[in-house]
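Have a look at the structure below, then the notes.
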Amino acid sequence: MLFRQLFDPVTSTYTYLVADPQTAEAVLIDPVLEQVERDVTLLNQLGLTLSYCMETHVHADHITGAAELRKRTGCRGVVPKQAQIDCADRFISDRDRLQVGAVEIEAIATPGHTDSHMAYLIDGTHLLTGDSLLIRGCGRTDFQGGDAGTLFDAITQRLFTLPDSTVVYPGHDYQGRTVSTIGEEKQWNLRLAGQSRDAFIQLMNGLNLPDPKKIAEAVQANERCGNVASVMA
Ligand code: FE
């Protein structure tokens, strides 16, 4: 498997490129509109064909590159079914598997940051956690149907039950951290390790974070699969 972690410094967003080097089929997870040129150049340089671009959730902090990538590469857009976004080509539900050459991507419903959030487990070893579990932290739960108790249950029951050796790749990091493991997060993620569900809810509900700068335009555009022109119209 070919696996690359790509970074957008403006929004601290990680995009992941996963491909089967044998068949040259590729998928991009959580692409960022402003980085489409970077992504297309890399695909071309590596001789890969983009089969899918997929989202872990409807983002509030950046606009997805999905529409632009679909236009430029003919790839199919994949979104969580429960997000009820009708512009995508394919909808993915809990435990659905998507095949990209010999690479298998399994969706794991992990609601709480948003109500339709998905984590993606690649070949049983690489876990893309989106904005559910972050390195030593977790996604916020104060908008888009977010719910702290739901996130606690999703992380502790669905992600922390995976093998400790599972490698964790988050959707964001604001301090330059790139990778962790389930075992490491179970021990050192202080929002969750040794915390009760009630304590977690209290902590999350008291964060009082400012809204992301681009929340209004980002959510609107992402509900249209990143089709910015239709938002402007
Ligand atoms: Fe998010």
Side-chain angles (χ1 to χ4, degrees), residues 5-16 28-35 53-67 69 77-85 87-88 91-92 94 107-121 127-155 158-159 168-180 185 189 191-192 200-201 203-205 207-226 228 231:
Q5 183 182 48
L6 307 165
F7 187 61
D8 174 54
V10 175
T11 59
S12 298
T13 300
Y14 288 121
T15 296
Y16 295 93
L28 278 166
I29 296 109
D30 288 340
V32 174
L33 177 59
E34 287 80 1
Q35 299 290 348
C53 55
M54 59 200 295
E55 310 290 339
T56 53
H57 63 294
V58 178
H59 304 281
D61 63 311
H62 68 270
I63 296 174
T64 173
L69 285 163
V78 184
V79 297
K81 189 172 183 190
Q82 281 186 14
Q84 295 180 309
I85 291 174
C87 51
F91 304 93
I92 199 157
D94 186 38
I108 303 175
T110 36
H113 170 65
T114 72
D115 48 11
S116 56
H117 187 286
M118 288 287 179
Y120 296 118
L121 183 61
L127 180 67
L128 309 190
T129 55
D131 295 1
S132 58
L133 176 66
L134 301 178
I135 298 175
R136 309 297 190 264
C138 65
R140 61 195 292 176
T141 54
D142 55 338
F143 51 64
Q144 291 185 286
D147 182 85
T150 305
L151 183 63
F152 184 86
D153 295 340
I155 293 175
R158 314 214 71 197
L159 301 184
V168 169
Y169 291 97
H172 296 285
D173 194 90
Y174 304 95
Q175 296 176 40
R177 295 165 299 198
T178 53
V179 62
S180 183
E185 290 309 309
N189 192 315
R191 281 196 182 173
L192 295 138
F200 178 80
I201 292 170
L203 181 131
M204 293 306 291
N205 291 347
L207 287 181
N208 288 320
L209 298 166
D211 274 354
K213 286 186 207 85
K214 291 198 261 185
I215 183 167
E217 57 174 306
V219 171
Q220 238 197 342
N222 291 333
E223 284 174 342
R224 290 162 179 77
C225 296
V228 184
V231 175

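Counting starts at 1 for both ligands and their atoms, in listed order.
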Closer than 2.8 Å to the Fe ion (ligand 1), which protein N, O or S atoms? H57 NE2, H113 NE2, D131 OD2
Assess, by modelled atom type and distance only, whether the side chains of Q35 and T15 contain a donor and an acceptor separated by less than 3.5 Å. no
Pair D61 + R140, salt bridge at N-O below 4.0 Å: no
Is it true that the side chains of H117 and D131 contain a donor and an acceptor less than 3.5 Å apart? no
Looking at Y16 versus Y169, is the centre-to-centre ring distance below 6.0 Å? yes
H59 and side chain to side chain donor-acceptor pair (under 3.5 Å): which partner among T13, T11, T114, D30? D30
Short N-O contact, K214 and E34, less than 4.0 angstrom: yes
